[in-house]
Protein chains: 2
Amino acid sequence: MSFSKTHRLLLGLGAISGVVTFYYTNNQKKSSACFMDNKLYTVTVCEMGRQLGSVSIKGRLQAEYTGIRLKELGFPYTAMIKSTMTRAQETGDIISLSVPDVPVTNCDLLREGAPIPPEPPLGRYKPEIYKFYQDGSRIEAAFRKYFYRAEPCQEKDTYTLLVCHANVIRYFVCRALQFPAEAWLRLSLNHASITWITITPGGRCVLRVLGDSGHMPPNVITTT
Amino acid sequence: MSFSKTHRLLLGLGAISGVVTFYYTNNQKKSSACFMDNKLYTVTVCEMGRQLGSVSIKGRLQAEYTGIRLKELGFPYTAMIKSTMTRAQETGDIISLSVPDVPVTNCDLLREGAPIPPEPPLGRYKPEIYKFYQDGSRIEAAFRKYFYRAEPCQEKDTYTLLVCHANVIRYFVCRALQFPAEAWLRLSLNHASITWITITPGGRCVLRVLGDSGHMPPNVITTT
């Protein structure tokens, strides 16, 4: 099969216009890229008390210490989003006493649950299998809702406080870092500890701290 | 194909002896298993000063705070192993002032290096490729030297302090948790922060804290 001169010219022009379009759209993407970080500070809820779902006296102390530490760190927190479970609400309320200017919202997606069957399995942790289907998709939805790179129009870094539960945070960490999600039980979190993930403009996720409770006296620390 | 009565009897006896042998050897394994944890507390070295390899004035403060915190936590530390680089030696010396009874040894395997080409690559981090071959195998040897489940004869949990460098610790964390080792740069560590990994008798590795520097005032904190 052979081409006439006109055909070859047309093909050449087509190829060039393809390259130009690719270069243009690619540059468009670059020029609309964001330059800000999204920083997510997750706070594990406090120790539970004997009263159903409520935090213990030690738990209240833990939240107070964490609130004070968050204030001391002095970041311009953009928002606080709390799980709607009682202990998360209480933890968030106590933290809000230290950072009263941070606007608070609630989110059902952040409630505690069973994100995915853990690998390796843990003997004593055996929720009903349907829980993984129900909670897993909800917690994944929460991850997709809160973990994204900054919008192109964003002019400042965001500092979002998520007050939620140990399983949820551990799943978030694995997903954000592109580790296997079923590894979430290889991480452990102290009550009211601070975990910090930064998402850079390029979409790079960095775990800066996991389960920081160095701001609490050792006798107050309990683990989930 | 049919079996005579004698054949069936022999096959039955064979199967039973198989089950008995399996049960016996399995129980043997259990009885010789360990019941203690190996807990590894790694401390990232402090901020470097302008003087070649030495820690800065802020770095000294960081190490002091970390020494005090380690003492405050009150664990019966079994040993401290320091990298032989100047800044690790100095960090360890300052920490030793707070926990003077902990026996100290040095280890060349723990020196800073380039463990493995990181994924995703980081623009500004581009060591010569031969460094990954040299340092990588050394750091892997360090991992195999210090990360193992407790010996069967061990009667107490061990609490080992490793004073070493950010790249080394990040590689250790990835390897211990069976995450891809090339993910080490997705983790970030503050200077003189505490990272804690527990190895249970069953060989389960749990990351309990990563990069805890909550015991330092915010103005002292610097990152690697």
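Throughout, a chain's letter reflects where its sequence line sits, starting with A, and its residues are numbered from 1. Note that these values count all heavy atoms, side chains included, but never hydrogens, waters or copies made by symmetry.
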Before you tell me yes or no, could you show the steps for B:D212 and A:V209 under side-chain contact (heavy atoms from CB on, under 4.5 Å), namely the whole-Å CA-CA distance, both residues' side-chain angles and the distance that decides it to 0.1 Å? CA-CA 7 Å; B:D212 190 339; A:V209 165; over 6 Å; no

Working to the nearest 0.5 Å, report the span between CG of A:N219 and CD of B:E72. 9.0 Å

To the nearest 0.5 Å, how far apart are CG in B:L210 and CH2 in A:W196? 12.5 Å

Side chain from CB out, backbone as N, CA, C, O: work out which of these in [X] comes under 4.5 Å of a heavy atom of chain B, or both, or neither.
X	answer
A:L185	both
A:R69	side chain
A:I221	side chain

Quick check on the interface: out of B:H215, B:R204, B:M216, who has the most heavy-atom pairs with chain A under 4.5 Å?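 Looking at each of B:H215, B:R204, B:M216 in turn, B:R204 comes out on top.
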
Could you give me the CA-CA distance, side-chain angles and deciding distance for A:T223 and B:R208, then say whether side-chain contact (heavy atoms from CB on, under 4.5 Å) is met? CA-CA 9 Å; A:T223 197; B:R208 302 190 62 87; 3.5 Å; yes

Whether over 12 other heavy atoms sit under 6.0 Å from B:Y133 OH: no

If we only count heavy atoms from C-beta on, is the A:Q178 to B:R186 side-chain gap below 4.5 Å? yes

Residue among A:L122, A:T195, A:L189 with most heavy-atom pairs under 4.5 Å to chain B: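 Top count of heavy-atom pairs under 4.5 Å with chain B: A:L122.
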
Which pair of heavy atoms, one from A:V206 and one from B:L187, lies closest together, and at what distance?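 That would be CG1-C, 4.3 Å.
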
